[in-house]
Structures are given as C-alpha cells and as structure tokens.
Amino acid sequence: LNGDFDANLVTGGATPYFEYGLANNDGETDSCTSPGSLSEQVIQEDTDDNGTLDADVLLTGGFPTSLSLDIDSLEQNKYYCARAVAKWDSDNSSIEGSFVSFQVSGTATITYDGNSNSSGTVPSSATPSTGATYTVASNDGTLARTGWTFAGWNTAADGSGQTYAAGSGQFTVSGSVTLYAHWTASVTYNANSGSGAPSDSNTYSASDTVTVLSDSGMSRTNYVFDQWNTSSDGSGTPYDPSDTLSLASTGDITLWAQWT
C-alpha cells in the first residue's frame, strides 16, 4: 500500500491516508473493481519508539515504504480493498495509489454431514482461522451408506461440488462451510444367462447422469436381446441402450439383459 505513484509528486506537507471499503461492495470476493463506500484512516507514526502510534505522518517528499492499516473495526472473514492516498488539506487535492485486496482473518466453522449415512458417525466440527490451510478429516467414524461407497467429502450434498480426499484433501479457509460425505455408486450389467455383458468402470455421484450401455458383443443361443431391466425377470424398470438414469435414489444398481 505504499502508493504506486511518482514519489516526487508527494511534496509540500501532504498527509498520507488509507482509503478502504468492502471488496466488490459486499466483501464476499476479493475483487476491487467496485469497492464499497470508502472510509478514511490517517496514517500515523511512533515518534518516541514506544510501540504506540502517536502522531500523524506528514510527508515532505516520497511515500513511506511500510504502512499499517488498523483493522480492529473491520468485519472478520470479509475481503476489503485499500489504497494509499496523499492529501493536501490546504486545497483538498490528493493523489491515490492502486487498490490492494486483503481478507480480515477470523474463525470459521467446518461442519461435517453424514449425508444420509446408514451407520457410523461424522467427525467433530473444526474451527480454523480464515486464511489458514485446512486438512479435511478422515472417516474415523466409519461412515457407511447402504448401496453406496464412501469417497471423501464434498461441498455439495449431491456430489456436484468440490471433492476432498478424506484425511488428506486441503483447502484455504475463507469462511464457514459444511462438508458432506461424498457417496458414489456403480452400474453392473448382467447377461442373464447370456454372455459378453458390457462393463462400466465408472463411479457415479448422486448428481451424475448415467447413459445405459448397448448390448454390443453380448449373445445368448436362440435368443435376441430386447432391453435392460432392473430385475432379472423383467418386472423392474426397463431401459433401452442410450437411455439415461440417475442413481440418486438407488445407489449401486444391476441392469439385467432381457431376451426374447
């Protein structure tokens, strides 16, 4: 914040100020394109070297290379934009530096959600400081869910957010967040007395759309493939190749070939 303007212009008893305001008008991002309403804070110095700022700085040439902004009155966990300003009280003229963004650190809460687990317990909440690097918890409570496989933690309940590996995934804390158990499921194809059933090696989240595979390479003597079904006897839900389905309500699923 030492002012990226020509130091030679800062002469004649100018007073240095900070101008600061919430980044992007709400403090939720670090963008300084349109900071909120700006406040002023005069820059002071410690004239007797006792660790206390006791007098306003008066510039006679150049600009201080190290400046301290008092942030005690600012909101925690918010982004701010600040810039250095040299102002002449005699005619109210001034020159400004460029805005710099920063975050006022505070304490955030990391909460864990079992996300429809059928057994086990979630880790305890954590309260790291904002700006810190946080390592997500492991699955020490042995969370499990019938029909699903535990695959880490996700910022969205349906698995569409950011996934972090349990016990090793890391992120920079910017505010409180809930981490949901990330469950994945798979689709198995069964030739149902035939041979050559296709294989799907993918794992799917609740938010994913599954495209049903074709019967290519599959056969059964004296029979013709008709379609897939969630039950071996054809009493379940039928699917044709290239149909789509969601595993959100089922978890792991087996599709059985139907023959005529």
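Since the structure is predicted, the reported quantities are computational estimates derived from the model, not experimental observations.
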Side chain to side chain contact (heavy atoms under 4.5 Å, CB included) between Asp158 and Asp208: does it pass, once the steps are laid out? CA-CA 9 Å; Asp158 65 359; Asp208 291 334; over 6 Å; no
CA sep, side-chain torsions, deciding dist, call: Val104, Glu75, side chain to side chain contact (heavy atoms under 4.5 Å, CB included): CA-CA 7 Å; Val104 180; Glu75 291 184 70; over 6 Å; no
Would Thr142 and Phe150 count as a side chain to side chain contact (heavy atoms under 4.5 Å, CB included) if you check the C-alpha gap in whole Å, the side-chain angles of each, and the deciding distance to 0.1 Å? CA-CA 9 Å; Thr142 320; Phe150 180 81; over 6 Å; no
Would Glu19 and Ser39 count as a side chain to side chain contact (heavy atoms under 4.5 Å, CB included) here? Give the steps. CA-CA 6 Å; Glu19 284 187 337; Ser39 300; over 6 Å; no
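Residues Gln258 and Pro238 have side chains not in contact (no heavy-atom distance under 4.5 Å, counting atoms from C-beta outward). Residues Ser195 and Ser219 are in side-chain contact: their nearest non-hydrogen atoms beyond the backbone lie under 4.5 Å apart. No side-chain heavy atom of Val100 sits under 4.5 Å from any side-chain heavy atom of Cys81. Side-chain contact between Tyr239 and Thr244: absent, with no pair of heavy atoms (C-beta onward) separated by less than 4.5 Å. Contact of the Leu38 side chain with the Phe18 side chain is not registered, since no non-hydrogen atoms from C-beta on lie closer than 4.5 Å. Arg83 has its side chain out of reach of Ser98: every pair of non-hydrogen atoms, C-beta onward, lies at least 4.5 Å apart. Side-chain atoms of Phe171 and Val136, non-hydrogen and from C-beta on, do get closer than 4.5 Å to each other. Annotation: side chain of Trp153 is in contact with side chain of Pro123 (closest heavy-atom distance under 4.5 Å).
Side-chain N or O atoms of Tyr112 include one that pairs as donor or acceptor with a backbone N or O of Ala137 at under 3.5 Å. A donor-acceptor pair under 3.5 Å is formed between the side chain of Thr230 and the backbone N or O of Thr237. Side-chain atoms of Asn25 never come within 3.5 Å of backbone atoms of Pro35 as a donor-acceptor pair (strictly under, hydrogens ignored). Using modelled atom types, no side-chain atom of Ser231 and backbone atom of Asp233 make a donor-acceptor pair closer than 3.5 Å. Not a single donor-acceptor pair under 3.5 Å links the side chain of Ser176 to the backbone N or O of Ala108. Between the side chain of Asp215 and the backbone N or O of Phe225 there is no donor-acceptor pair closer than 3.5 Å. A donor-acceptor distance shorter than 3.5 angstrom exists from the side chain of Trp259 to the backbone of Ala191, with no hydrogens or angles considered. Trp183 contributes a side-chain N or O that, together with a main-chain N or O of Asn115, makes up a donor-acceptor pair within less than 3.5 Å. No side-chain donor-acceptor contact under 3.5 Å links Asp113 to the backbone of Tyr180. Using modelled atom types, no side-chain atom of Ser246 and backbone atom of Thr209 make a donor-acceptor pair closer than 3.5 Å.
Trp148 and Leu179 fall within a single hydrophobic cluster, where Ile, Leu, Val, Met, Phe, Trp and Tyr side chains are chained together by heavy-atom contacts under 4.5 Å. Grouping the Ile, Leu, Val, Met, Phe, Trp and Tyr side chains by contacts below 4.5 angstrom, directly or via other members, places Trp228 with Ile253. Taken together through direct or relayed side-chain contacts under 4.5 Å among Ile, Leu, Val, Met, Phe, Trp and Tyr, Leu213 and Leu247 form part of one hydrophobic cluster.
Heavy atoms only, all atoms of each residue included: Ala257 and Met218 are closest at CB-CE, 3.8 Å. The heavy-atom pair separating Glu28 from Asp26 by the smallest distance is N-OD1, 3.0 Å. Here the closest heavy-atom approach between residue Thr184 and residue Ser205 is recorded as CG2-OG, 4.4 Å. Minimum interatomic distance between Gly159 and Ser207 (heavy atoms only, all atoms of both residues): C-OG, 4.0 Å. Summarising the geometry of Pro198 relative to Tyr189, their closest heavy-atom pair is O-CB, 3.4 Å, with the distance given to 0.1 Å. Taking all atoms of both residues into account, the shortest heavy-atom contact from Gly169 to Tyr164 is CA-CB, 4.2 Å.
Note that the CD atom of Gln103 and the OG1 atom of Thr29 stand 11.0 Å from one another [nearest 0.5 Å]. In this structure, CG on Asn24 lies 11.0 Å from OG on Ser101, to the nearest 0.5 angstrom.
Counting only N and O atoms by type, the side chains of Asn190 and Asn192 include no donor and acceptor under 3.5 Å apart. Using modelled atom types, one finds a donor on one side chain and an acceptor on the other under 3.5 Å when comparing Gln227 with Asp240. Side-chain atoms of Thr33 and Ser31 include a donor-acceptor pair closer than 3.5 Å. Side chain to side chain, Gln170 and Thr133 fail the donor-acceptor criterion of an N or O pair below 3.5 Å. Of the N and O atoms on the side chains of Thr163 and Asn154, at least one donor lies less than 3.5 Å from an acceptor on the other residue.
Remark: aromatic rings of Phe102 and Tyr79 are distant, center separation not under 6.0 Å.
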